[in-house]
Colleague: 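Before I ask anything, here is the structure I am working with.
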Amino acid sequence: MDEIKGRILEKINNPEELKKVKLEELPVVCDDLRNFIIDVVSTNPGHFGASLGVVELTVALHYVYNTPHDLLVWDVGHQAYGHKILTGRRQTFITNRKYKGLSGFPKRTESEYDVFGVGHASTSISAALGMAVASKIKGEKDRKIVAVIGDGAMTGGMAFEALNNAGAGKSDILVILNDNNMAIDPSVGGFSQYLLNISKSHSYNRFKKDVWEGLGKLDGFGQKTRRFLQKNQHALKNIILKENNLFEAFDFRYFGPVDGHDIVYLTKVLKDLKDIPGPKLLHVITKKGKGFKQAEINQTKFHAPGLFDKVTGEIYSCDCPIDKAPKFQNVFGETLVELAEKNKKIVGITPAMPTGCSMNLMIEKMPDRAFDVGIAEQHAVTFSAGLATQGMVPFCNIYSTFMQRAYDQIIHDVALQKLHVVFCLDRGGLVGEDGPTHHGVFDISYMRLVPNMIISAPMDEIDLRNLMYTAQLDDIAQPFSIRYPRGCGIKPDWKKPFEKIEIGKGRVLSEGEDIAILTIGKSGIFAQRAVESLSGEGVSAAHYDMRFVKPLDEEILTQVFKKFKTIITVEDGTVKGGFGSAVLEFMAENGFSNQIKIMGIPDRFIEHGTPEDLYKECGIDAKGIKTSVLEILKKS
Ligand SMILES: Cc1ncc(C[n+]2csc(CCOP(=O)(O)OP(=O)(O)O)c2C)c(N)n1
Ligand SMILES: CC(=O)[C@@H](O)[C@H](O)COP(=O)(O)O
Ligand SMILES: [Mg+2]
């Protein structure tokens, strides 16, 4: 990677040094910063468009505010690469998202400038409000608190919960709404339209123009009033917009919309706002991907493009290693369309991840039956419940980690009423570079506690299809969850005719005599490789792909407990309360006393790295399973 010799950036190792730069030189800093981000992220994949969109905002914030004394909270944090680079991490930024390197999101343990750990959307205002109230209680007079939240994250319910609370409390907080009319996909919903209306506000602009021209015709008073309004533009906007300004209704003083790429003007506005007390919201208009043509044109693709050519913008495809095997998400997306074409009761729901989970395929083909509800997981689940009460069969696709947001809705709105909702938990298991905020390692445990819930995990793409097919059949009258991993499958020839899978039925994949390995989901792939390698060393290991965590295949378990003294369970999920725990419970309830080793994610947060790094770290890759088998057999 050719070093970007920033004309100024290389002299800026912290915001204090940034503050020494002359105001008129800030555009150069922004150019350097933008080029540095392009240079690094084109060779070390990560989130891209969002950080480019807030280059000017990031520079202005660190130029005007006294960070880290003033507290700056980023929402989601995928847009905080510029923040990291300006706060002492320029030289280490090349390790972004790498194993043992910088996190891809702000992280308290990484820097004093990262005042709040993020990754899940819509948390910034709540966190910033907590900081503001604490500062007031401590009697701090000079500490400023700022939250930067995108228009997408603003559709998350907890953002409004925080606005509601902040306004009432007259807390001293600045919320900066970074409005680029994009989430990962284009922003959706009434709120997005509302923001568009403001930023393109015909009424405001027309009124401003009419008043302005009218005043121009009046001598004396007219000229004086013009001068006042020119100096107090926002006063005019407040008069016009106040009564229907959503933020003003929450007792926030609304300012803007302002051009988020005019660094000099932004700096001036931020300086002006600094001394205005109480809850304030600055509405900033930016372009996601600003400054990189391809990213401006294809904003969804360049949200997280992977490797790309920084000159041409060409994205280097990352095909699956096993020739033509598809990504699990694509199998989901194509199968959902196939099923929905036959079963008119099927509807699709995704909270702002249509491209991420490939439900965009159904949204494109059946726009009346597939819904992107915005970053609103709780709403997505209960919306699905409502649909199910009327005989629809909702496929509610939510990444495992984001599903954590909607746990009460799963229990209270779906399972308690035994509604037929199909939960598709994509990104089940370790996801890799996104790290602990995004690993989907708790869903087996949290779903297992819920009565009426069927819990399944396919080992390969064929089983994913057949579980989806089974889940939508009329004889299913309860919630059905299917969790599957991020990334590639193993079956290039996955498009087989559908076969119904008996609920709770596992399958034996390898017969054996010395030990039994029981797996769920993707772990079966590693177990098969381990069994093959073990047989080369004279060890005869049996392998069962259990497919269901609830209900368990008690017929297989009874056979296994009777035949094998030693049993290993493996899952791509926490060992606490997961599949292995379920097998232990079966053993206790049925009076067996075999030796069981539970393998999975240990009871701690797993950092970021490649999936391979992380599976190895947790000992649940093929090598880890083989090593465990040999160790256990040596001891027994
Ligand atoms: C609770 C939750 N749901 C979904 C996501 C996935 N996600 C990450 S960024 C993003 C879009 C954010 O849009 P916005 O806040 O407007 O930021 P922008 O990318 O436009 O800068 C989404 C849906 C998430 N991080 N957290
Ligand atoms: C920041 C965020 O939450 C999303 O961009 C997430 O990183 C997407 O994950 P996938 O890349 O697995 O779709
Ligand atoms: Mg946005």
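Numbering of ligands and ligand atoms starts at 1, following listing order. Start at 1 with the first residue, then count along the sequence.
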Colleague: When only distance counts, is G152 in polar contact with ligand 1, meaning an N/O pair under 3.5 Å?
Modeller: yes

Colleague: Between H83 and Y113, what is the ring plane arrangement, given parallel below 30°, perpendicular above 60°, and tilted in between?
Modeller: perpendicular

Colleague: Of all the non-hydrogen atoms in the protein, which one sits nearest to atom 13 (O) of ligand 1, and at what distance?
Modeller: A183 CA, 3.3 Å

Colleague: Is it the case that ligand 1 has an N or O less than 3.5 angstrom from some N or O of N180?
Modeller: yes

Colleague: Short N/O distance, under 3.5 Å, between G119 and ligand 1?
Modeller: yes

Colleague: Could you tell me whether F402 and ligand 1 have an N or O pair separated by under 3.5 Å?
Modeller: no

Colleague: Assess the side chains of N197 and Q193: does a donor N or O sit below 3.5 Å from an acceptor N or O?
Modeller: yes

Colleague: Could you tell me whether K144 atom NZ has more than 12 heavy atoms of other residues or ligands within 6.0 Å of it?
Modeller: yes

Colleague: Any N/O of M353 closer than 3.5 Å to an N/O of ligand 1?
Modeller: no

Colleague: Measuring from the heavy atoms of G49, does anything fall under 4.0 Å of ligand 1?
Modeller: no

Colleague: Would K288 count as being in polar contact with ligand 1, using the rule that some N or O on each side must be under 3.5 angstrom apart?
Modeller: yes

Colleague: Give the intermediate values and the outcome of side-chain contact (heavy atoms from CB on, under 4.5 Å) for residues V422 and M468.
Modeller: CA-CA 8 Å; V422 183; M468 288 176 69; over 6 Å; no

Colleague: Regarding ligand 1, does D151 bring an N or O atom to under 3.5 Å of one of the ligand's N or O atoms?
Modeller: yes

Colleague: What do the steps show when you test C488 against C320 for disulfide (SG to SG under 2.5 Å), and what is the final call?
Modeller: CA-CA 6 Å; C488 300; C320 296; 2.2 Å; yes

Colleague: Can you list the ligand 1 atoms lying under 4.0 Å from a non-hydrogen atom of G150?
Modeller: 14 (P), 15 (O), 16 (O)

Colleague: Is A352 in polar range of ligand 1, meaning some N or O pair under 3.5 Å apart?
Modeller: no

Colleague: Can you confirm whether more than 12 heavy atoms, excluding those of K327, are under 6.0 Å from its NZ atom?
Modeller: no

Colleague: Go through ligand 1 atom by atom and flag the ones less than 4.0 Å from a non-hydrogen atom of R405.
Modeller: 1 (C)

Colleague: Is a side-chain donor or acceptor of Q409 paired with a backbone partner of V414 at a separation under 3.5 angstrom?
Modeller: no

Colleague: Are any of the side-chain nitrogens in E56 or K290 under 4.0 Å away from the carboxylate oxygens of its partner?
Modeller: no

Colleague: Would you mind listing each N/O atom of ligand 2 next to any protein N/O under 3.5 Å, plus the distance?
Modeller:
{"from": "ligand 2", "atom 1": "3 (O)", "to": "H438", "atom 2": "NE2", "distance (Å)": "2.6"}
{"from": "ligand 2", "atom 1": "5 (O)", "to": "H47", "atom 2": "NE2", "distance (Å)": "2.9"}
{"from": "ligand 2", "atom 1": "5 (O)", "to": "H303", "atom 2": "NE2", "distance (Å)": "2.7"}
{"from": "ligand 2", "atom 1": "7 (O)", "to": "H47", "atom 2": "NE2", "distance (Å)": "3.1"}
{"from": "ligand 2", "atom 1": "7 (O)", "to": "D434", "atom 2": "OD2", "distance (Å)": "2.5"}
{"from": "ligand 2", "atom 1": "9 (O)", "to": "D434", "atom 2": "OD2", "distance (Å)": "3.4"}
{"from": "ligand 2", "atom 1": "11 (O)", "to": "R486", "atom 2": "NH2", "distance (Å)": "2.9"}
{"from": "ligand 2", "atom 1": "12 (O)", "to": "R427", "atom 2": "NE", "distance (Å)": "2.8"}
{"from": "ligand 2", "atom 1": "12 (O)", "to": "R427", "atom 2": "NH2", "distance (Å)": "3.3"}
{"from": "ligand 2", "atom 1": "12 (O)", "to": "R486", "atom 2": "NE", "distance (Å)": "2.7"}
{"from": "ligand 2", "atom 1": "13 (O)", "to": "Y399", "atom 2": "OH", "distance (Å)": "2.6"}
{"from": "ligand 2", "atom 1": "13 (O)", "to": "R427", "atom 2": "NH2", "distance (Å)": "2.8"}

Colleague: What is the closest protein heavy atom to atom 3 (N) of ligand 1, and at what distance does it sit?
Modeller: E377 OE2, 2.8 Å

Colleague: Is any side-chain heavy atom of M447 closer than 4.5 Å to a side-chain heavy atom of R483?
Modeller: no

Colleague: Check the Mg ion (ligand 3) and write out every protein N, O or S atom at under 2.8 Å, as residue and atom.
Modeller: D151 OD1, N180 OD1, M182 O

Colleague: Please could you name the atoms of ligand 1 that A153 approaches to less than 4.0 Å, counting only its heavy atoms?
Modeller: 14 (P), 15 (O)

Colleague: Taking H438 as the fixed residue, which of Y399, F605, F402 is the one that meets the ring pair (Phe, Tyr, Trp, His ring centres under 6.0 Å) rule?
Modeller: F402

Colleague: Minimum distance, heavy atoms only, to atom 18 (P) of ligand 1: which one of Q299, H78, H47 is it?
Modeller: H78

Colleague: Measure across T355 and Q329 and return the closest heavy-atom pair with its distance rounded to 0.1 Å.
Modeller: O-NE2, 3.2 Å

Colleague: Salt bridge or not for E617 and R604, using N-O below 4.0 Å?
Modeller: yes

Colleague: Starting from atom 26 (N) of ligand 1, locate the nearest protein heavy atom and write down its residue, its atom name and how far away it is, to 0.1 Å.
Modeller: A121 N, 2.9 Å

Colleague: Give me the residue, atom name and distance of the protein heavy atom closest to atom 10 (C) of ligand 1.
Modeller: I184 CG1, 3.6 Å

Colleague: Look at E607 together with K107 and state whether they make a salt bridge at an N to O cut-off of under 4.0 Å.
Modeller: yes

Colleague: Hey, do the aromatic rings of F442 and Y407 have their centres closer than 6.0 Å?
Modeller: no

Colleague: Answer yes or no: is there an ion pair linking R90 with D32, defined by an N-O contact shorter than 4.0 Å?
Modeller: no

Colleague: Taking side chain as C-beta onward, heavy atoms only, is S400 less than 4.5 Å from Y446?
Modeller: yes

Colleague: Run down the list H303, M403, M158 and name the one with the heavy atom closest to atom 9 (S) of ligand 1.
Modeller: H303

Colleague: Compute whether any side-chain donor of one residue and acceptor of the other, for D75 and S122, lie under 3.5 angstrom apart.
Modeller: no

Colleague: Checking side-chain polar atoms at under 3.5 Å, does S358 have a donor or acceptor matched by the opposite partner on N330?
Modeller: yes

Colleague: Taking the side chain as every heavy atom from C-beta outward, state whether Y615 and L430 have any pair of such atoms under 4.5 Å apart.
Modeller: yes

Colleague: For ligand 1, which atoms, with element, lie under 4.0 Å from some heavy atom of A50?
Modeller: 19 (O), 21 (O)

Colleague: How close does the nearest protein non-hydrogen atom get to atom 23 (C) of ligand 1, and which residue and atom is it?
Modeller: I375 CD1, 3.5 Å

